[in-house]
S.K.: 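Starting off with a structure, shown below.
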Amino acid sequence: MVARELLGARLVRILDGVRLAGLILEVEAYIGEEDLGCHAKSGKTRRNAAMYGPPGHAYVYFTYGNHWMLNAVTGREGFPAAVLLRAIDPLEGVETMLQRRNGRDTLGPGKLTQALGIDASLNEADLCNQDSGLWIEAGTPGGDKDIIISPRVGLYTVPEPWKSMPWRFQMRRR
DNA sequence: AGCACGATGCTCT
DNA sequence: GAGCATCGTGCTT
């Protein structure tokens, strides 16, 4: 599954000419209109349109009045599927990220977007192209043994079996 | 046009 | 550990 491969990869962001990067530690998979936890559950809308686009691009959306979420689109064009990036371990530009986070950590989907300065302007950005200012580089292949698998977080009103699908993947921090 | 609520984070107890 | 901030989106009238 693509989600696992993203664990250990390096998320890179150029913000105001400064290179920021973090090791991807935690992700969640959202797959198709069948998946009632997925934003595409009721078809294509203006918000989730990016998920229907070509894979390798970003799907960025806003929630809870003040948080941006970053996803990597993984499904073939026309099939809505994405991986939510939930946590990173700062590697480059650590000071800048700390400052943007007010000294707090980057372990959380809304936290990492704040640290990296990610918002709607990066929706549909090409994550395989550095020109976008946001991309993903291959990381060190992590051993499968250190990966924690569990149900996705925050799906309070989502019916089973989707609510309990073990599509959350975490890597132990070094 | 109105309304309920969310793939969360922060603060205070 | 519980409560609230805060607003865009999608669904209902």
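All chains are named by letter (A, B, ...) in the order of the sequence lines, taking the proteins before the strands, and each is independently numbered beginning at 1.
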S.K.: Return the value, rounded to whole Å, for the distance between atom CD of A:E28 and atom P of B:dT8.
M.R.: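 Going from CD in A:E28 over to P in B:dT8 covers 7 Å.
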S.K.: A:I14 and A:M97: same hydrophobic cluster, using ILVMFWY side-chain contacts below 4.5 Å?
M.R.: no
S.K.: B:dA7, B:dG9, B:dG6: which one has an atom nearest the side-chain heavy atoms of A:T157?
M.R.: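 Closest of the options to the side chain of A:T157: B:dG6.
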S.K.: How long is the line joining CE of A:M51 and P of C:dG10, in whole Å?
M.R.: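 About 10 Å, once rounded to whole Å.
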S.K.: Counting Watson-Crick and G-U wobble pairs only, both distances under 3.5 Å, name the nucleotide matched with C:dA2, or none.
M.R.: B:dT11
S.K.: What is the distance, to the nearest angstrom, from the OH atom on A:Y64 to the P atom on B:dA4?
M.R.: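 Atom-to-atom, A:Y64 to B:dA4, this comes out as 17 Å.
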S.K.: Ignoring backbone atoms, establish whether A:R168 has a side-chain N or O less than 4.0 Å from OP1 or OP2 of B:dA7.
M.R.: no
S.K.: If each of A:G110 and A:G65 is mapped to the nucleotide of DNA chain B with the nearest heavy atom, which maps nearer the 5' terminus, i.e. the 5' end?
M.R.: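 The residue whose closest nucleotide sits nearer the 5' end is A:G65.
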S.K.: How long is the line joining CG of A:N71 and P of B:dT8, in whole Å?
M.R.: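 Result: 11 Å.
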S.K.: Indicate whether OP1 or OP2 belonging to C:dC11 is found under 4.0 Å from a side-chain N or O atom of A:S42.
M.R.: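 Looking at the OP1 and OP2 atoms of C:dC11, one of them is under 4.0 Å from a side-chain N or O of A:S42.
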S.K.: Closest approach to the side chain of A:R101, judged atom by atom: which nucleotide of B:dG9, B:dT8, C:dG10 is it?
M.R.: B:dG9
S.K.: Please tabulate, for side-chain N and O atoms in residues 62-72 of chain A, each donor-acceptor pair with protein atoms closer than 3.5 Å (sequence neighbours left out).
M.R.:
residue	atom	partner	partner atom	Å
A:N71	ND2	A:Y59	O	3.1

S.K.: Could you please name the option among B:dA7, B:dC10, C:dG8 that lies closest to any side-chain atom of A:Q114?
M.R.: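 Between B:dA7, B:dC10, C:dG8, the one nearest the side chain of A:Q114 would be B:dC10.
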S.K.: Could you tell me how far apart A:H67 (NE2) and C:dC4 (C1') are, to the nearest whole angstrom?
M.R.: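 To the nearest whole Å, that distance equals 11 Å.
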S.K.: Just name whichever nucleotide pairs with C:dC7, Watson-Crick or G-U, keeping both distances under 3.5 Å, else none.
M.R.: B:dG6
S.K.: Report yes if at least one side-chain N or O of A:H39 is closer than 4.0 Å to OP1 or OP2 of B:dA7; otherwise report no.
M.R.: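 For B:dA7, OP1 or OP2 has a side-chain N or O of A:H39 closer than 4.0 Å.
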S.K.: Please report, rounded to the nearest Å, how far the P atom of B:dT8 is from the OH atom of A:Y156.
M.R.: 6 Å
S.K.: Shortest non-hydrogen contact from A:G32 to A:C38?
M.R.: O-CB, 3.6 Å
S.K.: For a quick check of understanding: with a heavy-atom distance under 4.0 Å over all strands, which category does A:T45 fall into, base, sugar-phosphate or nothing?
M.R.: sugar-phosphate
S.K.: Using a cut-off of 4.0 Å on non-hydrogen atoms, how would the nucleic acid contact of A:L84 be classed: base, sugar-phosphate, or nothing?
M.R.: base
S.K.: Name the nucleic acid region contacted by A:R47, choosing base, sugar-phosphate or nothing; use a 4.0 angstrom heavy-atom cut-off, strictly under.
M.R.: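 Answer is sugar-phosphate: A:R47 comes under 4.0 Å of backbone atoms only.
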S.K.: Name the atoms and distances for all side-chain donor-acceptor pairs under 3.5 Å in residues 126-134 of chain A, with sequence neighbours left out.
M.R.:
residue	atom	partner	partner atom	Å
A:D126	OD1	A:C128	N	2.9
A:N129	OD1	A:D131	N	2.9
A:S132	OG	A:D126	O	2.8
A:S132	OG	A:N129	O	2.8
A:S132	OG	A:L134	N	3.3
A:S132	OG	A:L134	O	2.7

S.K.: Expressed in angstrom and rounded to an integer, what is the separation of A:K41 atom NZ from C:dT9 atom P?
M.R.: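 Result: 14 Å.
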S.K.: Between C1' on B:dA7 and CG on A:L36, what's the gap in Å once rounded to a whole number?
M.R.: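 Atom CG in A:L36 sits about 14 Å away from atom C1' in B:dA7.
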S.K.: Are the charged groups of A:E92 and A:R19 less than 4.0 angstrom apart, N to O?
M.R.: yes
